[in-house]
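Here is how names work: the chains are called A, B, and so on, in the same order as the sequence lines, proteins then strands, and each is numbered from 1. Predicted model only: the values in this text are computed from it and were never measured.
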Amino acid sequence: MNKIKLQTQQLAFQHPVTRNFDTQSRSPVYEALLRSGPRLRNLQQVHAHIIVSGLHRSRSLLTKLISLVCTAGSITYARRLFPTVPNPDSFLFDSLLKVTSKFGFSIDAVLFYRHMLFSGAPPSNYTFTSVIKACADLSALRLGKEIHSHVMVCGYGSDMYVQAALIALYAKASDMKVAKKVFDAMPQRTIIAWNSLISGFEQNGLPQESIDLFHLMMKSGLQPDPATIVSLLSSCSQLGALDFGCWLHDYSNVNGFDLNVVLGTSLINMYTRCGNVSKAQEVFDSMKERNVVTWTAMISGYGMHGHVLSACAHSGLIDDGRRVFSSMKEVYGLVPGVEHNVCMVDMFGRAGLLNDAYQFIKKILPKEPGPAVWTSMLGACRMHRNFDLGVKVAEHVLAVEPENPGHYVMLSNIYALAGRMDRVEMVRNMMTRRRLKKQVGYSTIEINRKTYLFSMGDKSHPQTNTIYRYLDELMCRCSESGYVPAPESLMHDLEEEERDYALRYHSEKLALAFGLLNTNQGETIRIVKNLRMCEDCHSAIKHISIIADREIIVRDKFRFHHFKDGSCSCLDYW
DNA sequence: CTAGGGTTAG
């Protein structure tokens, strides 16, 4: 109460002479609102002042107050204030929508939009940019489409801001076809519209399309801004396109883009995921500000490369792992999520402690631990050739998630390991019956800033004959140096390609042969594979690293393999 | 009585 009085007095004593031209028309209370900023305590004081001084029916004051309260994070306060505003107008709704959608109160934004329509206040182009953003954050495609039709009816179909928001909406709801359609219909395209579409392709797992689009943008005469660069860096991360990533880094430097957390973290991710950890460390060191995401990117970057963390499972670090896990709950009060449980199972599994892994799962079982945990357990069984437990787990996983083709592959793989070819056949038939398809494996390699994609047995490349001939030659020399092809039974590898094709034409081998043919001696070969690497390729590439005297880096779905002088940084443990 | 917008990291 004292504080309120004090504030009231301060307002009363404000001298008119101190006001400049700009603020002359504004009331002292409005000034007080601006001064409080998005701080709840201050806003409560001004709110009290508004009430005691009889200004509680001033729409403009309440509008500003609600916006600030919402910015301060109290949607509850905002919800309760709203009904006190007499005759809410379009400007009030627009302010509300802006602030709710901007600060992630998406459902409230949608509800206020509904309210606006009922109240008869006409929506503006500002209304739509906000409510469309709310839909985008909710990935609410149906609702978004409904609002898209309102946009057309209200005549805002050609507003550039609304169009950009619509592109982002469709992109976030994974409807890239419609996103592209909206984009194509724009008479003139702002950098934001381009960015929305570029990031959309990247976010929907179409990194090459996003880069192609970027080249079109350059051709149209527009220069990338930091947002463009950040999206493209993610595309590079997905593709393992190090050269293009470096080019983007240079571009940012040359154009003086500020190395903020977002750009810096994107660069770190790009460098680690494209195989250059020391460059990532350089970026990390030069950043002025870092947050959790930055640190996580750097730490998991080191982890992926195994230079640091692959030793964990081999040494006494399992106890450390246990300690860290329990300290999560007991010291930090955090509830372990699925990813943490997966980590633990993975750690035990890698170390061959299948029983500990299984016991761990049993302990967290009261609830179903989720397919990801079981998949990790299954991988451990496969790695350590534990047939009995493997089958048990695989059947369980299949029951939990019957629509995931990876589980069938895993189960059939485990049967194959045990030589139960009858069962393998059975599982395969089950897959066909349920119309499930395995994920298609592919590998990419970047040469002269261009990415080349190979799938298994791929013959689409112009150099196909040379590549196959050279690969055959390499495999011959591998055999001479002691390489033994993996037995056929292993060819049902996790999510791997069909065994019917000869092992030697797996996509990573094709990419490798192509890379060796098209780069100079001494250059490191970098390959990216979308699935896990198969055991046969792993063993072959170790031999090839000696035969061709090259350093070869393969990034698979989960980690990096640095092949050098006949061994791999993962220590055959992945 | 004023006022404001769309895109970017995991």
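- Remark: A/Val230, A/Ser231, A/Ser234, A/Val261 in residues 228-261 of chain A come within less than 4.0 Å of DNA chain B through at least one heavy atom.
- Judged by distance alone, the side chain of A/Arg57 and the main-chain N or O of A/Pro86 form no donor-acceptor pair under 3.5 Å.
- The nearest whole Å value for the distance from the CD1 atom in A/Ile191 to the C1' atom in B/dG6 is 12 Å.
- Put simply, CG on A/Leu61 is 14 Å from P on B/dC1, counting in whole angstrom units.
- A salt bridge is defined here as a Lys NZ or Arg NE, NH1 or NH2 lying under 4.0 Å from an Asp or Glu carboxylate O, and A/Lys98 with A/Asp94 fails to meet this definition.
- A side-chain hydrogen bond (donor to acceptor under 3.5 Å, both in side chains) with A/Tyr170 is found for one member of A/Lys181, A/His148, A/Lys177, A/Lys145 and no other, namely A/His148.
- In this structure, of B/dT7, B/dG10, B/dA3, it is B/dT7 that holds the atom nearest to the side chain of A/Asp225.
- For the pair A/Leu197 CG and B/dG6 P, the computed distance is 18 Å after rounding to whole Å.
- Rounded to whole angstrom, the span from the CD1 atom of A/Ile299 across to the C1' atom of B/dG10 amounts to 13 Å.
- Going from atom CE of A/Met298 over to atom C1' of B/dA9 covers 15 Å, rounded to whole Å.
- For a distance-only test at 3.5 Å, the side chain of A/Ser60 qualifies as a donor-acceptor partner of the base of B/dT2.
- Distance from the side chain of A/Ala164 is smallest to B/dG6 among B/dG5, B/dG6, B/dA3.
- Using a 4.0 Å heavy-atom cutoff across all strands shown, A/Phe91 reaches at least one base atom of the nucleic acid.
- Side-chain N/O atoms of A/Gln203 include one lying less than 4.0 angstrom from OP1 or OP2 on B/dA9.
- Within the 4.0 Å cut-off from OP1 or OP2 of B/dT8, at least one side-chain nitrogen or oxygen of A/Lys172 is found.
- With hydrogens and angles left out, the side chain of A/Asp159 and the base of B/dG5 share a donor-acceptor pair within 3.5 Å.
- In this structure, A/Arg526 does not pair ionically with A/Asp243, as no charged nitrogen and carboxylate oxygen lie closer than 4.0 Å.
- Computed from coordinates, the A/Phe214 CZ to B/dT7 P distance equals 21 Å when rounded to whole Å.
- Between the C1' atom of B/dT8 and the CG atom of A/Leu267 lies a distance of 12 Å, rounded to the nearest Å.
- Of the possible polar contacts, none joining the A/Arg555 side chain to the A/Gly275 backbone as a donor-acceptor pair under 3.5 Å is found.
- No engagement by A/Thr296 is indicated, since no non-hydrogen atom pair under 4.0 Å with the nucleic acid exists.
- To the nearest angstrom, P of B/dG6 lies 19 Å from CZ of A/Phe183.
- Under a 3.5 Å cut-off, the side chain of A/Thr444 and the backbone N or O of A/Leu239 do form a donor-acceptor pair.
- As judged by a 4.0 angstrom heavy-atom cut-off over every strand, A/Thr190 is placed among the base-contacting residues.
- Heavy atoms only, all atoms of each residue included: A/Met533 and A/His561 are closest at SD-CD2, 3.8 Å.
- Counting heavy atoms from C-beta on, the side chains of A/Leu233 and A/Asn269 never come closer than 4.5 Å.
- Look at A/Tyr161 and the base of B/dG5; the rings stack, centres closer than 5.5 Å and planes less than 30° apart.
- Ranking B/dA9, B/dG4, B/dG10 by closeness to the A/Asp94 side chain, first place goes to B/dG4.
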